[in-house]
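What follows is a short report on a single structure.
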Amino acid sequence: MNAQFKKGVLELCVLMLINQKDQYGYELAQNISKNISIAEGSLYPLLRRLTKEEYCSTYLAESKEGPPRKYYTLTHKGKVHMNYLIEEWKWFSGYVDELAKEVSGGE
Amino acid sequence: MNKQQYLNELRSHLISLNPQELQEILYDYEEHFENAKSDGKSELEVVNELGAPSKVAEEIMIELPKESQSSVESTTSQNEKRSPNIVRNVLIAIALIFINLIVVVGPVTAIISVYISMYGVAISIGLAPLFGFIQLGLYGVGNFFVLLFSSIFSLSLATLMVLGLIYVGKWIIFAIKKYIHLNIQVVKGEW
């Protein structure tokens with residue numbers, strides 16, 4: 001898939017996944033790369049920015065194996081932002097769909 | 001490449017960040033390696049999934065807010081600019097107030113008064129023929145057509161004057177604003 005596409009929607013996907021349930025970085029990376037192939041290393045810079053912008057916050061929780069895990073949770077501000085991005089995405093993808101239909105209809 | 005090499009290379013790309021931030025970032029990746037390990041993945045697999053350290057470092061720099069990219073330099077230079085200048089700023093403010101009171105206020109007031117009185121002139125020019133008509137009506141002195149044309153003439157003249165004055169007025173206000181702004185800048189030491 002086109003790298004620019006992925007970069008743009010990654011933020012929205014991350015927000016929606018965290019909204020489903022609080023997740024730690026590795027878990028989130030697995031959930032995303034199941035469906036979209038990304039360089040998982042680029043997830044952490046994004047998470048740091050989302051945290052700095054107060055769209056999500058973090059807390060540490062013990063794990064049975066290994067060190068404590070840093071969980072990411074969506075803040076109220078993050079929910080508002082997510083809903084805004086969803087609306088934008090719907091509008092955007094709807095428009096692209098229309099154009100794509102015209103292309104395949106014309107052939 | 002194993003975990004330690006990966007983290008070392010990442011660190012070498014991010015050495016310009018402040019130490020605490022760098023520590024936090026590296027911790028995230030370390031945790032990622034640990035969690036992958038308990039998931040049964042080899043370090044090499046994780047390295048491949050994460051992507052090249054140089055790419056990751058690039059992403060980190062892009063996502064970082066602008067001010068913390070060179071946080072060390074910016075905070076010191078700001079402090080140098082602000083703190084020792086308070087005394088200087090107060091002195092400049094006092095000096096400017098005196099200069100303005102003595103040199104600037106007089107001429108500016110004069111210009112504004114002349115400007116306002118010009119409106120008076122324009123209004124009297126506009127109304128002057130009215131008195132001619134009153135005279136004509138009361139005493140029968142004067143010629144109606146001469147009065148008519150002279151009143152058209154003076155009314156247009158007055159209108160032109162008012163239009164010109166409005167234009168000049170805007171310019172005066174603009175100049176005053178600029179001057180006040182300049183004063184503020186000088187006091188702040190930005191000029």
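A, B, ... follow the sequence lines: proteins, then strands. Residue 1 opens every chain.
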- Query: What part of B:I25 gets closer than 4.5 Å to chain A, counting heavy atoms only: side chain, backbone, both or neither?
  - Reply: both
- Do B:Y27 and B:Q23 have side-chain N/O donor and acceptor atoms under 3.5 Å apart? no
- Task: Under 4.5 Å heavy-atom distance to chain A, tell me which part of B:E30 shows up: side chain, backbone, both or neither.
- Result: neither
- What orientation do B:Y119 and B:Y115 show, parallel under 30°, tilted 30 to 60°, or perpendicular over 60°? perpendicular
- Query: Using a cut-off of under 4.5 Å for heavy-atom pairs, which of B:E58, B:K55, B:K41, B:K37 has the most such pairs with chain A?
  - Reply: B:K41
- Query: Measuring heavy-atom distances to chain B, does A:Q30 have an atom under 4.5 Å in its side chain, in its backbone, in both, or in neither?
  - Reply: side chain
- Message: Restricting to non-hydrogen atoms, name the atom on A:T75 and the atom on A:E54 that form the minimum distance, rounded to 0.1 Å.
- Response: OG1-O, 2.7 Å
- Spacing of OH belonging to A:Y84 relative to CH2 belonging to A:W89, to within rounding of 0.5 Å: 15.0 Å
- Heavy-atom distance under 4.5 Å to chain B: side chain of A:L43, backbone, both or neither? neither
- A:S33 and B:E49: side chain donor to acceptor below 3.5 Å: no
